Structures are given as C-alpha cells and as structure tokens.
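Structure record follows, encoded as structure tokens.
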Amino acid sequence: MNAAEPHIPSRGADLLLEHVTALEPADYPQRPAARERLERIVGGYLARLLVGALSGSRRPRRHDLD
C-alpha cells in the first residue's frame, strides 16, 4: 500500500542538479561539433552527404555534388 503515500523527492537529485548547474563551460573540455569530427574522418563531401541523408533532406544540395 505504498502507492497511497505522497512522493517525497530525494535530496540527492537536487544536490546533483545544483552541482551540475554550478559548472562553468570552462570547467570541462570543449569538443568539436559532430559534423566537424565526421569531416575529419571521412572528408567534407561524404560528411555533407551523410548529414543530409540522416537529417531527412530529400535530395543533396547542388554544391554537395561538385
């Protein structure tokens, strides 16, 4: 019959949220955007085609085919 008892939030979750929001962007390393990382691995042309396909574009843009 625990379902009838009111839910009491735990202090742990609140404390964790407090700590995470206190972090400044300079406190953790910055990563390049996913598209930039993909371009480094497969090249710009293929990265544009893959991102276009995954984002739901119907057809590649003209400059992607050059």
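Predicted model only: the values in this text are computed from it and were never measured.
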- Minimum heavy-atom distance R37-P32, with the two atoms named: NH1-O, 2.6 Å
- Set of side-chain contact (heavy atoms from CB on, under 4.5 Å) partners for L15, sequence neighbours left out: R11, H19
- Note on the structure: Looking only at heavy atoms, the pair that brings A47 and E39 closest together is CB-CG, 3.5 Å
